[in-house]
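Take a look at the structure set out below.
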Amino acid sequence: MKKFSITVAGGGSTFTPGIILMLLENLAKFPIRQIKFYDNDKERQQQVADACAVIIKEKASEINFLATTEPEEAFTDIDFVMAHIRVGKYAMREKDEKIPLKYGVVGQETCGPGGIAYGMRSIGGVLEILDYMEKYSPNAWMLNYSNPAAIVAEATRKLRPNSKILNICDMPIGIENLMAKILGLPSRKDMTIRYYGLNHFGWWTDIRDKDGNDLMPKLKEHVKEYGYDLEKNEGQHADESWQSTFRKAKDVYAVDPDTLPNTYLKYYFYPQDEVAHTDPNYTRANQVMDGREKFIFSQCNRIADLGTTEGSELEIDEHASYIVDLARAIAYDTQERMLLIVENNGAIPNFDPTAMVEVPCIVGVNGPEPLVQGTIPRFQKGLMEQQVAVEKLVVEAWEEQSYQKLWQAITLSRTVPNARVAKQILDDLIEVNKEYWPELH
Ligand SMILES: NC(=O)c1ccc[n+]([C@@H]2O[C@H](COP(=O)([O-])OP(=O)(O)OC[C@H]3O[C@@H](n4cnc5c(N)ncnc54)[C@H](O)[C@@H]3O)[C@@H](O)[C@H]2O)c1
Ligand SMILES: O=P(O)(O)OC[C@H]1O[C@H](O[C@H]2[C@H](O)[C@@H](O)[C@@H](O)O[C@@H]2CO)[C@H](O)[C@@H](O)[C@@H]1O
Ligand SMILES: [Mn+2]
């Protein structure tokens, strides 16, 4: 059985250890001969790599492991790139979130002006590693979940139309895990779902068990009262900010009880509520820096110092097992049914065929085949037309270095009240992103 060679792009990511643990847990169904880390921050990556070297030695010493900042070394002789870079890291995420809040506008990682700013940084970073992959391993696939996935997906569609890159998101998976718990099912895989939207901007329309029984009524009954909140949320979803997000799904659901919403829609339906309950001096970025980032790096340093994983609190990133599902689908032509961000091309017949939509796909050796989700109602169509125009304007602004188009993109976002506020936010974002964005004219 072929053993695969994988490069993790963004080796210093807080998600890297959990993903490595998940990959080592799944070697029987996805054998690996080599793992390489690539990052442009050597010191950050080295801390994660020193710990992962111990983990790999303990659990699968036959795997060749290295960490590098050299592109040729990182991207030569590989089958897959698992990409999760954060251009500008959390320091810039904090600015993405706090600058809009200065003007009473939603400050969020991937939504609104913060997501637009993040997109303007991410496009160059993702294209760069994609070009490295194609230069040094032309037959490899990139499984990308660097955010903002919607803008990155549109950029790779437009600027690298022939590249072997799959853009993915784990929010629907996270919500489906909650749905399975609400239904008392062992796993989200016990459900067959129909879903459409843009990334972080979508709706479930049909959810059935393997006998074809409709599960939507029971889910709607729960969501109508409690959103996706459970008695007990686990892991990082135990954070109050996540629990509040899951509870808010109740108000988002109320706007269209025919569907079940992605939690991110709350930023577009109730932006003022989000601003009202966000501390402009301590946003999600601060919570993550004080929480996940501190935890992961302290655990990595402990493992590296002690030379053992014994007593470590690092956990397998179970939700990331969809990454193995995706890699296996490509490698073994499994025809797995998965939600991916793909060019519409008629999957939603009454929507822009060039839009990057999030729909169920059958995935095999040649990549994804989108499943037609049918025509969508006027309400969702109107929302998506506006949002996809924002995403497309951002990519055009990046490509053309256009101040005007970026101002239009921010003005067009449902989260921004008017063009004057949009310009104030844009000018502040330009100031702090000088080393990351193309110069705008
Ligand atoms: N698609 C999804 O649903 C999903 C889910 C979770 C996380 N993410 C994304 O995964 C990424 C990682 O998240 P995190 O919180 O671990 O971030 P992080 O800041 O901890 O790690 C990101 C790493 O990327 C590196 N990096 C930044 N720019 C780079 C470049 N140009 N080339 C190479 N490396 C570069 C950084 O140095 C850092 O080590 C983010 O983009 C995040 O939004 C996406
Ligand atoms: O605020 P963060 O950095 O904790 O999370 C932002 C990301 O949230 C989603 O990913 C979740 C995922 O949905 C959930 O199942 C769990 O695994 O944690 C992930 C990271 O929190 C979203 O899909 C990502 O795009 C966001 O970056
Ligand atoms: Mn996501």
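Atoms within each ligand, like the ligands themselves, are counted from 1 in listed order. This is a predicted model, so every value here is computed, not measured.
Under a 4.0 Å heavy-atom criterion, Y145 is not in contact with ligand 2. In this structure, R292 is part of the shell of residues with a heavy atom less than 4.0 angstrom from ligand 2. For R292, the heavy-atom gap to ligand 1 drops under 4.0 angstrom. The shortest separation from a heavy atom of Q108 to ligand 2 is not under 4.0 Å, leaving the residue out of contact.
Counting heavy atoms under 4.0 Å from ligand 2, residue Y264 touches it through the side chain alone. Of the heavy atoms in R284, only side-chain atoms (C-beta onward) come closer than 4.0 Å to ligand 2. Contacts between D170 and ligand 2 below 4.0 angstrom, taking non-hydrogen atoms only, involve backbone and side chain alike.
Looking at R86 next to ligand 2, no N or O pair under 3.5 Å apart turns up. Looking at C169 next to ligand 2, no N or O pair under 3.5 Å apart turns up. At least one N or O atom of N147, backbone or side chain, sits closer than 3.5 Å to an N or O atom of ligand 2.
Aromatic pair F246/Y226: centroids not less than 6.0 angstrom apart.
For ligand 2, the atoms sitting less than 4.0 Å from at least one non-hydrogen atom of R93 are 1 (O), 2 (P), 3 (O), numbered in the order shown with element in parentheses.
Taking all heavy atoms of F37, Y90, Y145, Y118 into account, the minimum distance to atom 41 (O) of ligand 1 is reached by Y118.
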- Message: Would E109 and R284 count as a salt bridge (charged side-chain N to carboxylate O under 4.0 Å, His left out) here? Give the steps.
- Response: CA-CA 8 Å; E109 179 199 30; R284 180 65 191 162; over 6 Å; no
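With waters left out, the protein N, O or S atoms under 2.8 Å from the Mn ion (ligand 3) add up to 2.
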